[in-house]
> 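Here it is: the structure, laid out below.
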There are 2 protein chains.
Amino acid sequence: MASIRDVAKAAGVSLGTVSNAINRPEVLAPLTLRKVQKVIEEMGFVPNASARNLRAGRNRVIGLIVPDISNPFFTALAMGVNDAAFAAKYVVILCNTDESTDKESQYLEVLSAQNVEGILITPARETIRALAKVAEKGIRLALVDRPALGLQACSVAVNDSYGGSLALTHLHELGHRKILLLTGSEDIPQVADRNTGIRDSMKEIPANQLPQIMELRLDSMSASNAYDAMMKKIESGVDFTGIICGNDLIALGAIRALREKNIAVPEDVSVIGYDDIDFAGSANVPLTSISQPAYELGFAAAELIISECENPERHVHQRIEFQPRLVVRSSTAPTKSHRANLRIS
Amino acid sequence: MASIRDVAKAAGVSLGTVSNAINRPEVLAPLTLRKVQKVIEEMGFVPNASARNLRAGRNRVIGLIVPDISNPFFTALAMGVNDAAFAAKYVVILCNTDESTDKESQYLEVLSAQNVEGILITPARETIRALAKVAEKGIRLALVDRPALGLQACSVAVNDSYGGSLALTHLHELGHRKILLLTGSEDIPQVADRNTGIRDSMKEIPANQLPQIMELRLDSMSASNAYDAMMKKIESGVDFTGIICGNDLIALGAIRALREKNIAVPEDVSVIGYDDIDFAGSANVPLTSISQPAYELGFAAAELIISECENPERHVHQRIEFQPRLVVRSSTAPTKSHRANLRIS
DNA sequence: CTGAAAGCGCTTACAG
DNA sequence: CTGAAAGCGCTTACAG
């Protein structure tokens, strides 16, 4: 591989001049510049990034850590991050943790060893301490889909509490009074926040209409996990008419289990998803879901961290919050008794 | 940021000893080793990757260039790449080209500026020349889902010609004699190869059963594009009973259009997808599809390029080929006349 | 406007 | 077994 020294020799100038041709072309005499550029072109010279980074202390690399890239929500988010990074000539290292705290901290180390300038992370769980450690090393952080909670960092999130309330209110209005929450561990902040939203909106409901809430916690928020859990749950009796799922994949898995057990969706049981992934509309039973702007989330987060990297002194940490939106399709419907009541009145 | 010099001072040893503690612990006296390790631990020291790379001439970074990461096929592929890389302590930069040749070559430049050790690429189109240029710079290449065609490089692919023949044979056996090919441009090698497979298997079919093939080319192989094209096609008459789609997203889009026009799938028209993405089974009409081992494809490709990076002299370029598999679900069925014939005989 | 020199943080022969 | 020194390829003040 050609080095800057080879170029200098070939062009008959010094090292510094070649460097200037690359980084500060305006300080060179036009003729010298042209001469050097020609040689660079001919030799196909590309500056060694490692050396450059070592000197400059920056490398235009950011890391993105997500719990599950196969979840279309995170795929869309990653696309947003990538597009924003590409526009700013940054590059992103993708890290998929499979929701494992272990892998998450390993990736955190790998990324800091790579000296990335910033890390965009949707922490799998409460990993504030590990994050604080990374921040100490001078790596900038932005939290995605999650508030920064005490950390000095930017964050981009969706109002999860509002999302939870949106889901509950929808089912309540359809007459559902026995509702199953099919979701992940409450350690996951999004889950906790949505539950808060659900509880809060319960307070607005007259006592005689108050729905009863049951919870079923999943280890991993995947379709197959939801399917297995749901199959078991059904065998021990269906004492609910509505299900609020932690994401659309869970909803898809749950619906598969219900249909296999000949429980009709939405006639017997209504199911509401979360995220409104692309497929939600073409699903077996087109999914009612809470829509989150995943791409925009990623794009905004990347812009935030890049602007911080480019202008550390002028940068002020900020928190961007998007609002979720209810999208009604065919997986939710009024309960039978609610339909009857409507007929009477 | 702590440097190796700070650690040396704190531990009361020389630079070299700290470096040895990290890279060749076996040469140190156990006591010295322990002492240094303790200080490293306390200071949370992480060696600067840029400096390390500069010395070593390597950086354990590979790039992955795919045309559409939102397509679950490529998401799965990316996961395979990531997992293989993670296991080998490599890191991967994800590049999404949106099937744009422009973006592809820009990413190629960005990656070579970053001095990645290797690039895994599924070229959007014929970009052999740009690739050859990159290879000249000493960046190792592996072609994914696509043969290497003259390039000195490894490749990992699926037998697309066989996949095409699988699809045609399936529809033919179900009695379909008027088949629409709904796919991307023939510039895309996968598309061309499948068409070859289709043509080849036509030769095996008795003349009186020979299906008639129509083609409809899509600019972009997305669901919405397929939906639009299909809506138009239907309006100008449905002169086919079966559709072979370029991927599952296309199949999903086509089915949506058909249903909207009250054409039943599979009763009136059979649709066969390609890729067998996770979602295929939970689709509106569970999709018959040609399954490709996307994750394995990515995993194998990453292993190949990493082994080349680790052992350049011993490395021999190889070509790994996976076989596709027909997965029959509910979107294909015998034609009406075929059903009648079966009843008679 | 151009060149010589210092130094970014590390690794690795080489002396001792 | 440990330390001092050279050098990876680049950038950036600083002289000239």
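Source: prediction; values computed, not measured. All values below were derived from every heavy atom in this structure, side-chain atoms included, with hydrogens, water molecules and symmetry-related copies excluded.
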> Just to verify, what does B:T97 make a side-chain contact (heavy atoms from CB on, under 4.5 Å) with, not counting sequence neighbours?
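With sequence neighbours excluded, B:T97 shows a side-chain contact (heavy atoms from CB on, under 4.5 Å) to B:I65, B:P67, B:K103, B:E104, B:Y107, given in chain and number order.
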> Quick one: list whatever passes side-chain contact (heavy atoms from CB on, under 4.5 Å) with B:V46, sequence neighbours left out.
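Once residues adjacent in sequence are excluded, the partners of B:V46 under the side-chain contact (heavy atoms from CB on, under 4.5 Å) criterion are A:S112, A:A113, A:K137.
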> Counting only pairs under 3.5 Å, give me each side-chain donor-acceptor contact of residues 292-302 of chain B, with atom names and distances, residues two or more places apart or in other chains.
{"residue": "B:Q292", "atom": "NE2", "partner": "B:D275", "partner atom": "OD1", "Å": "2.7"}
{"residue": "B:Y295", "atom": "OH", "partner": "B:D83", "partner atom": "OD2", "Å": "2.5"}

> Return one dot-bracket line describing DNA chain D 5' to 3' (Watson-Crick or G-U wobble pairs, both distances under 3.5 Å; ( ) same strand, [ ] crossing, | another strand, . none).
|||.||||||||.|||
> Name all pairs fulfilling the salt bridge (charged side-chain N to carboxylate O under 4.0 Å, His left out) condition that reach into residues 36-51 of chain B, sequence neighbours left out, sorted by first residue then second.
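Sorted pair list: B:K38-B:E42.
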> Only pairs under 3.5 Å count here: list side-chain donor-acceptor contacts from residues 88-95 of chain A, not counting sequence neighbours, and write none if there are none.
{"residue": "A:Y90", "atom": "OH", "partner": "A:R58", "partner atom": "NH2", "Å": "2.8"}
{"residue": "A:Y90", "atom": "OH", "partner": "A:E310", "partner atom": "OE2", "Å": "2.7"}

> Can you give me every donor-acceptor pair (side chain of residues 17-33 of chain A, partner residue at least two apart or in another chain, under 3.5 Å) with its distance?
{"residue": "A:T17", "atom": "OG1", "partner": "A:S14", "partner atom": "OG", "Å": "3.3"}
{"residue": "A:S19", "atom": "OG", "partner": "A:N23", "partner atom": "ND2", "Å": "3.3"}
{"residue": "A:N20", "atom": "OD1", "partner": "A:R24", "partner atom": "NE", "Å": "3.3"}
{"residue": "A:N20", "atom": "OD1", "partner": "A:R24", "partner atom": "NH2", "Å": "3.2"}
{"residue": "A:N20", "atom": "ND2", "partner": "A:G16", "partner atom": "O", "Å": "3.4"}
{"residue": "A:N23", "atom": "OD1", "partner": "A:R52", "partner atom": "NH2", "Å": "2.8"}
{"residue": "A:N23", "atom": "ND2", "partner": "A:S19", "partner atom": "O", "Å": "3.0"}

> Scan for ring-ring contact (aromatic ring centres under 6.0 Å, His included) pairs involving residues 26-80 of chain B, sequence neighbours excluded, and state none if there are none.
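Sorted pair list comes back empty.
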> Can you give one letter per nucleotide of nucleotides 6-16 of chain D, going 5' to 3': B for a protein heavy atom under 4.0 Å from the base, S for sugar-phosphate only, - for none?
BBBBBBB----
> Suppose we screen for side-chain contact (heavy atoms from CB on, under 4.5 Å). Which residues come up paired with A:E109, at least two apart in sequence or across chains?
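Checked A:E109 against side-chain contact (heavy atoms from CB on, under 4.5 Å); zero matches.
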> Just to verify, what does B:L15 make a side-chain contact (heavy atoms from CB on, under 4.5 Å) with, not counting sequence neighbours?
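Counting only residues at least two positions away or on another chain, B:L15 forms a side-chain contact (heavy atoms from CB on, under 4.5 Å) with B:I4, B:R5, B:A8.
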> Taking only side-chain nitrogens and oxygens of A:T17, does any of them come within less than 4.0 Å of OP1 or OP2 of C:dT2?
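Checking C:dT2 against A:T17, no side-chain N or O comes under 4.0 Å of OP1 or OP2.
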> By a strict heavy-atom criterion of less than 4.0 Å, which residues belonging to residues 25-41 of chain A are in contact with DNA chain C?
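Heavy-atom cutoff 4.0 Å gives A:V27, A:L28, A:A29, A:T32.
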> Using only heavy-atom distances, determine whether the side chains of B:S70 and B:D68 contain a donor-acceptor pair under 3.5 Å.
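Per modelled atom types, B:S70 and B:D68 side chains form a pair under 3.5 Å.
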